[in-house]
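Below: one structure, written as structure tokens.
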Amino acid sequence: MSPPIEDYALISDLETAAMVGRDGSVDWLCLPRFDSPACLAALVGTEANGFWRIAPVGSVAGGACTRRAYRPDTLVLDTVWETAAGAVRVTDFMPPRAELPCLVRVIEGLAGAVPVRSELRLRFHQGRVVPWVRDADCGAVAVAGPDAVWLGADGPVRALGGTDAMVWDVTVPAGRRLALTLAWSPSHRSERPTSLAAPAQTLLDETADYWRRWSARCRYQGPWREAVVRSLITLKALTYAPTGGIVAAPTTSLPGCIGGERNWDHRYCWLRDSTLTLSCLLRSGYREEATAWLDWLVRAIAGDPADLQTVYGVKGQRLLPETEAPWLPGYEGSRPVRFGNSAVGQFQLDVYGEVMDTLFLSLRAGISMPAHVWDLVEALMGYLHRHWREPDQGLWQVRGPRRQFVHSKVMAWVAADRAVRMGRLLGRNGSSGEWQAMRQEVHREVCREGWNADQGSFVQSYGSSALDASALLIPRLGFLPARDERVRGTVRAVRRLGHGGFVRRYAPDGLGTHDVDGLHGREGAFVSCSLWYADALAATGHPRQAQETFERVLAVRNDLGLLAEQWDPDAGRQLGNAPQAYSHIALVETAFALSSTPGPSPRGPAATDRLRTGAPRAARSRMRTHA
């Protein structure tokens with residue numbers, strides 16, 4: 001039986017990440033990048049697919065720790081076991097990368113003398129390829145194809161016969177510290193990685209100091225600061241530092257329905273996250289990270305507007321072919337395990353709105369943009385003007401037939417609205433008449449075709465009676481004000497998507513099949529949708545219910561403050577890939593929305609109008625500096 005998803009902790013070096021269980025086992029690690037093939041894949045397989053466990057002898061068969069915690073304001077994880085022989089602590093961290101990735105595990109005796117075993121079983125190429133393991137100075141090295149993983153240890157490492165595992169047994173008395181360091185390098189490099197020679201305590205001190213200094217920049221001072229800081233640390237941990245891209249999650253194929261087929265690879269960067277990501281970073285005081293994310297976005301989407309994708313690789317790659325791994329049994333038997341994501345080939349209108357909203361928000365925040373970005377705006381809007389009436393696959397990337405999704409049309413309105421506003425700021429009004437006409441036409445059509453008078457709410461797609469949580473975003477996007485009765489009616493109607501106090505993205509039929517996507521199985525409630533609901537409640541004059549909804553979400557974080565994509569109220573467990581950037585971004589945004597702490601303006605046009613004084617000249621100046 002696989003451990004619950006919420007049993008896992010995240011550690012990261014800002015280029016890849018590892019998932020560490022309560023039993024001291026690293027069950028997921030991709031090297032050297034988030035989207036590289038996994039060399040430890042027990043998370044979606046078995047121990048035969050790779051793991052690295054450090055735990056007291058006698059606890060190796062799934063024994064959970066006594067307690068664990070991140071050191072305050074860091075991504076340094078302490079895991080403590082209290083046994084009959086004494087107590088021991090394992091400290092796990094990944095130093096922000098200087099050259100090559102490494103994972104450090106420090107074992108410290110706290111009381112008595114505790115026998116501890118480290119067992120590392122590497123399986124390259126998504127948990128499939130058994131490496132050649134040989135002894136090396138103060139450790140061992142495992143090689144297969146292009147990959148080499150070195151293990152340095154404060155003691156002799158031996159091969160465990162018949163398993164190709166590297167094992168180290170040691171008794172740790174109180175006051176003694178020992179360290180093991182795992183480092184990756186290309187297999188053609190024969191020299192040991194330099195990180196193996198660095199003192200573990202120095203690496204630990206530097207890593208903890210890095211995270212504390214970064215966390216101290218957070219300017220949120222509201223009542224949920226601990227949750228906000230932890231969410232921001234998680235978001236930073238999911239950032240690919242060389243490019244500024246932020247992955248949706250560090251994992252693949254953790255299921256939305258246990259035993260089902262809703263298993264996707266989230267180790268990539270989604271455009272749907274772009275505006276909320278930028279807003280979250282700017283509100284929280286992380287302008288450098290916001291600028292890096294914007295730079296990644298502009299580079300990734302450069303090219304023919306017809307080729308705009310929903311998702312890109314961390315370096316902006318466009319080709320992310322989706323494959324299945326039949327040798328992996330999946331998390332709790334949830335098959336198939338997928339690598340890559342075929343959503344790259346979907347047509348999604350909403351991404352045009354997300355891009356325009358992100359560019360507009362960055363312009364209002366004073367982030368400098370190259371002059372050629374306006375050419376990109378005109379190209380994207382020219383394409384959208386010709387194609388916005390077409391059906392698409394929507395925000396949720398459905399794998400069923402294309403439809404006239406209401407949210408997609410709302411985002412087409414957002415694109416036209418933000419393009420008009422950017423043109424005003426920059427004094428570039430050549431196409432504003434065409435975009436204004438499009439904005440009006442889209443608005444009229446959505447209010448006519450996307451509104452269901454019988455239900456008193458906006459619906460998922462034209463002519464449908466189905467509800468969709470994305471309609472909660474209508475006031476936030478500025479499409480209609482929160483005081484509009486149609487918005488209030490929609491918020492009331494979305495209660496029917498409620499599931500144990502949380503909100504599903506849309507409802508299944510009685511057999512558990514979602515007609516819109518054709519996939520089977522009842523998925524959990526989406527964390528982000530529940531937070532959107534809290535925002536909408538606050539906007540429509542229900543602050544007490546909004547806070548209750550928000551704190552209900554906070555209560556289902558794991559013991560380390562991490563959220564997956566979904567929550568199953570019936571089983572009381574997390575579902576989907578974890579930790580999920582979208583969930584943590586939404587948490588930060590909701591904390592700001594429900595707090596009195598001032599921050600940058602909301603996304604809607606009403607707020608930007610309040611800031612208009614003197615802005616056009618400044619915006620034009622910023623653009624000219626890059627001409």
(message) Please tell me whether Trp211 and Phe93 form a close aromatic pair, meaning their ring centres lie under 6.0 Å apart.
(response) no
(request) Examine Tyr268 together with Tyr312 and report whether their ring centres are nearer than 6.0 Å. (result) no
(message) So if I apply the side chain to side chain contact (heavy atoms under 4.5 Å, CB included) rule between Val314 and each of Asp35, Leu238, Thr16, which one comes out positive?
(response) Asp35
(message) Can you confirm whether the side chains of Asp23 and Ser25 place a donor and an acceptor under 3.5 Å from each other?
(response) no
(message) Whether Asp559 and Arg22 form a salt bridge (side-chain N of Lys/Arg under 4.0 Å from carboxylate O of Asp/Glu) is what I want to check.
(response) yes
(message) Please verify the inter-ring angle class for Phe34 with Tyr240; under 30° counts as parallel, over 60° as perpendicular, anything in between as tilted.
(response) perpendicular
(request) Could you tell me whether Glu288 atom CD has more than 12 heavy atoms of other residues or ligands within 6.0 Å of it? (result) no
(message) Listing request: all salt bridge (Lys or Arg N to Asp or Glu O under 4.0 Å) pairs with a residue in residues 202-212, at least two apart in sequence or in separate chains.
(response) Asp209-Arg213
(request) Output, in order, the C-alpha distance, side-chain angles, deciding distance and verdict of side-chain hydrogen bond (donor to acceptor under 3.5 Å, both in side chains) for Glu322 and Ser342. (result) CA-CA 5 Å; Glu322 185 175 299; Ser342 65; 3.3 Å; yes
(message) For Asn341 and Trp264, which I'm curious about, is there any donor-acceptor pair between the side chains at under 3.5 Å?
(response) no
(request) Using a strict cut-off of less than 4.0 Å between a Lys/Arg side-chain nitrogen and an Asp/Glu carboxylate oxygen, indicate whether Arg335 and Glu324 qualify as a salt bridge. (result) no
(message) For the residue pair Arg272 and Tyr582, would you count it as a cation-pi contact if the rule is NZ or CZ under 6.0 angstrom from the ring centre and within 45 degrees of the ring axis?
(response) yes
(message) One thing to verify: whether Asp265 and Arg338 come together as a salt bridge, which I'm taking to mean a side-chain N less than 4.0 angstrom from a carboxylate O.
(response) no
(request) Before accepting this row, confirm whether a basic side-chain N of the pair Glu108/Arg176 lies closer than 4.0 Å to the acidic partner's carboxylate O. (result) no
(message) Between Glu119 and Arg53 (salt bridge meaning N to carboxylate O under 4.0 Å), is one present in this structure?
(response) no
(message) Would Arg105 pass as a cation-pi partner of Trp52, given that its NZ or CZ must be under 6.0 Å from the six-membered ring centre and within 45 degrees of the axis?
(response) yes
(request) Look up atom CG in Leu31 and atom CD in Glu15, then write down how far apart they are to the nearest 0.5 Å. (result) 11.0 Å
(message) Just to verify, which of Ile107, Leu120, Val170 counts as forming a side chain to side chain contact (heavy atoms under 4.5 Å, CB included) with Leu180?
(response) Ile107
(request) Salt-bridge test for Arg189 and Glu99: reply yes if a basic N is under 4.0 Å from a carboxylate O, no otherwise. (result) yes
(request) Could you tell me whether Asp78 and Arg68 have a side-chain N and a carboxylate O separated by less than 4.0 Å? (result) no
(message) With a 4.0 Å cut-off on N to O distance, would you call Arg89 and Glu82 a salt bridge?
(response) no
(message) Looking at Arg123 and Glu47, is there a salt bridge between them, counting it only when a charged N and a carboxylate O are closer than 4.0 Å?
(response) no
(message) Side chains of Glu289 and Trp214: any donor to acceptor distance under 3.5 Å?
(response) yes
